[in-house]
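Right, one structure below, let's go through it.
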Amino acid sequence: MVESALSRTPHFPRQLMKVRTRFAPSPTGYLHIGGARTALFCWLYARHHGGDFVLRIEDTDRERSTPEAVQAILDGMAWLQLDADEGPFYQTQRFDRYREVVQQLLDEGKAYHCYCTREELEEMRAQQMARKEKPRYDGRCRSRTEPRPGVDPVVRFRNPLEGEVVVKDHVRGTVVFRNEELDDLIIARSDGTPTYNFCVVVDDMDMQITHVIRGDDHLNNTPRQINIFRALGAEPPEFAHLPMILGPDGAKLSKRHGAVSVMEYRNDGFLPEAVRNYLVRLGWSHGDQEIFSTEEMIRLFDIADVNHSASAINPDKLAWLNQHYIKEGDPQRLGEELGWHFERMGVDTSNGPALADVVRANAERAKTLKEMAENSVFFYQDFEEYEEKAARKNLQPDAVEPLTRLKEGLAALEEWKAPAIHDAVNAVAEALELKLGKVAQPLRVAVAGKGVSPPIDITLELLGREKSIERIERAIGHIVQHTAYEH
RNA sequence: GCUCCCUUCGUCUAGCGGUCCAGGACGCGGCCCUCUCAAGGCUGAAACACGGGUUCGAGUCCCGUAGGGAGCGCCA
């Protein structure tokens, strides 16, 4: 399947080649926020240029790679709607091909067997460190012709000794590495399995990747990979190295920063479009614009506008964007997602207001869907007890009269709609010569159990007449009982 | 230690030699609106890491310094 996409003659003029980018995570964990940003940029670049976006799973490390992690990555990309045109390809399914290329390099004298033991290599490194030199392989097996009994050799790439490699990076600009700084890296282990830097090159060549967009922790690998491309007679792709993403405190991202897996953002009530918008502005900008629809991102994205420095995640800004999309989004669709959160909370929403209406009522007062669900449970379940502070302030003896009148007025309404409810509440306030707050707040605490809710008329409409009146009675009872005990 | 990368408000960023006593956004403060909480409107505080050059003129170009980061594996 992979083979059909292969060509051994990648020598078309670059301008005539269709842009092809790839995202190549190693499945050793979930899709974290940094990986997601890299995937987003690769995807945007391909979409902007009408090219292809390829997904490749780099699972050559059999020890640490798991099928669960592969699934987690696929789930994360699906949630962010980063659709791949090809793949996922798995490196573990391409071992024959890697072996073939290793042999080719061996045959051409561009690679050689190295019989040094791990112990010898360690000692060599220790000595170099002691001499304050950069630890690297010294090439002692370069000209060896005889095998060493009892040692399974590794295969090393014969890196050029002189000259330099110039990387014309799309975000970093021109970066020059001297070949003398590089050493002969291992391309095949003693058990015959290929290593990362080698597989990447073979894959990018075979899959005809034109633009490698990845984290800048790979910048130092780039000259080695370019040398391998050349040894293979292939034109290296173009490169763009993205700056890292840091935690809110400016330190390297880790679990202690909370949500690191993109799917955790869903659990926390974030919308994929918000996460995407947040991510695209992390390290990239288009003037002063903050909000980007998918179409705009694709149209405006330019790798040249990517920043050079690492950026820290700002949870507040993500929350702001999330609320923006909650306010702008389709209530019907958001309602479904809200329902997903209620389900996770074990709240049955079948006997309450429509989820889309709850979204409409709360869009301006919730940063996340999770928060919205938590704040709206009272629409679907009776609360155990009143929020203490709100009850102490609003459920006092002086609230009995307004609540009683409210009950009567509301019970008499012909139509249970917000405008009529609004009028009824106002009428009670006027009749009693009270400020609206003196009436609406006790009512709010009575029906919601707490001091915060959407506008009172809308809250009542959504709750329904029966439950509303029931809860008003309950509140009156609560006041009476409480007062009786205290006096 | 060596090589490479990075450095504008707390944070994300605009700026591509003069239009910058540095603009926008999040957050924060104040005011307005208001049945709660929000949302919204107006408004305020807040930054060119440092030192040398180049230039009539530097946040913008060059070189250092300092501070961060990455790589240097039979990990990816």
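All values derive from a computational prediction rather than experimental measurement. Just the heavy atoms: all of them, side chains too, but no hydrogens, waters or symmetry mates, feed the values below. Throughout, a chain's letter reflects where its sequence line sits, starting with A, and its residues are numbered from 1.
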Write down the protein N/O and nucleotide N/O pairs, taken from nucleotides 66-73 of chain B, whose separation is under 3.5 Å; answer none if there are no such pairs.
from	atom 1	to	atom 2	distance (Å)
rA70(B)	OP1	K252(A)	NZ	3.3
rA70(B)	O2'	D217(A)	O	3.4
rA70(B)	N3	N220(A)	ND2	3.3
rG71(B)	O4'	N220(A)	ND2	3.4
rC72(B)	O2'	P135(A)	O	2.5

Is any side-chain N or O of T195(A) under 3.5 Å from a base N or O of rC74(B), one able to act as donor and the other as acceptor? no
Is any side-chain N or O of R189(A) under 3.5 Å from a base N or O of rC74(B), one able to act as donor and the other as acceptor? no
Integer angstrom distance from the [atom1] of [N] to that of [M]:
{"N": "rG69(B)", "M": "rU11(B)", "atom1": "P", "result": "15 Å"}
{"N": "rC28(B)", "M": "rC35(B)", "atom1": "C1'", "result": "27 Å"}
{"N": "rG24(B)", "M": "rC42(B)", "atom1": "P", "result": "12 Å"}
{"N": "rC21(B)", "M": "rC63(B)", "atom1": "P", "result": "28 Å"}
{"N": "rG23(B)", "M": "rA47(B)", "atom1": "P", "result": "11 Å"}
{"N": "rC20(B)", "M": "rU65(B)", "atom1": "C1'", "result": "27 Å"}

Given 3.5 Å as the limit, does a donor-acceptor pair link the side chain of D183(A) with the main chain of Y137(A), or not? yes
For the pair R281(A) (side chain) and W284(A) (backbone), establish whether a donor and an acceptor sit closer than 3.5 Å, ignoring hydrogens and angles.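 Flag set: sc R281(A) to bb W284(A) pair under 3.5 Å.
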Could you tell me whether the phosphate oxygens of [N], OP1 or OP2, come under 4.0 Å of any side-chain nitrogen or oxygen in [X]?
{"X": "N307(A)", "N": "rU13(B)", "value": "yes"}
{"X": "N362(A)", "N": "rA39(B)", "value": "no"}
{"X": "Q323(A)", "N": "rA39(B)", "value": "yes"}
{"X": "S285(A)", "N": "rA14(B)", "value": "yes"}

Tell me which of P248(A) and D457(A) sits closer to the 5' end of RNA chain B, going by the nucleotide each one is nearest to.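 Of the two residues, P248(A) wins.
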[X] has an atom [atom1]; how far is it from atom [atom2] of [N], in whole Å?
{"X": "H308(A)", "N": "rC12(B)", "atom1": "NE2", "atom2": "P", "value": "16 Å"}
{"X": "E63(A)", "N": "rA76(B)", "atom1": "CD", "atom2": "C1'", "value": "13 Å"}
{"X": "L246(A)", "N": "rU11(B)", "atom1": "CG", "atom2": "P", "value": "11 Å"}

Under the side chain to side chain contact (heavy atoms under 4.5 Å, CB included) test, residues paired with E164(A) that sit two or more places apart: V176(A), R178(A)
Identified pairing partner of rG71(B), criterion: Watson-Crick or G-U wobble below 3.5 Å: rC2(B)
With a 3.5 Å limit on both atom pairs, tell me what rA25(B) is paired to, counting Watson-Crick and G-U wobble, or say none. rU11(B)
S309(A) side-chain proximity, nearest of rU7(B), rU36(B), rC2(B):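 Nearest to the side-chain atoms of S309(A), counting from C-beta on, is rU7(B).
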For nucleotides 32-34 of chain B, list the nitrogen or oxygen atoms of the protein found under 3.5 Å from its nitrogen or oxygen atoms, one pair per line.
none

Test: R474(A) cationic atom under 6.0 Å from Y386(A) six-membered ring centre, within 45° of axis: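 Pair R474(A)/Y386(A) counts as cation-pi.
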Generate the contact string for nucleotides 19-27 of chain B. Rules: B means base contact, S means sugar-phosphate contact only, - means no protein heavy atom under 4.0 Å. ----BBBBS
Near-strand residues of residues 152-165 of chain A, defined as heavy-atom separation under 4.0 angstrom from RNA chain B: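 Only V154(A) qualify.
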Name the nucleic acid region contacted by G215(A), choosing base, sugar-phosphate or nothing; use a 4.0 angstrom heavy-atom cut-off, strictly under. nothing
Give every donor-acceptor pair under 3.5 Å between a side-chain atom in residues 299-309 of chain A and any protein atom, sequence neighbours left out.
from	atom 1	to	atom 2	distance (Å)
D302(A)	OD1	A304(A)	N	2.9
H308(A)	NE2	V171(A)	O	2.6

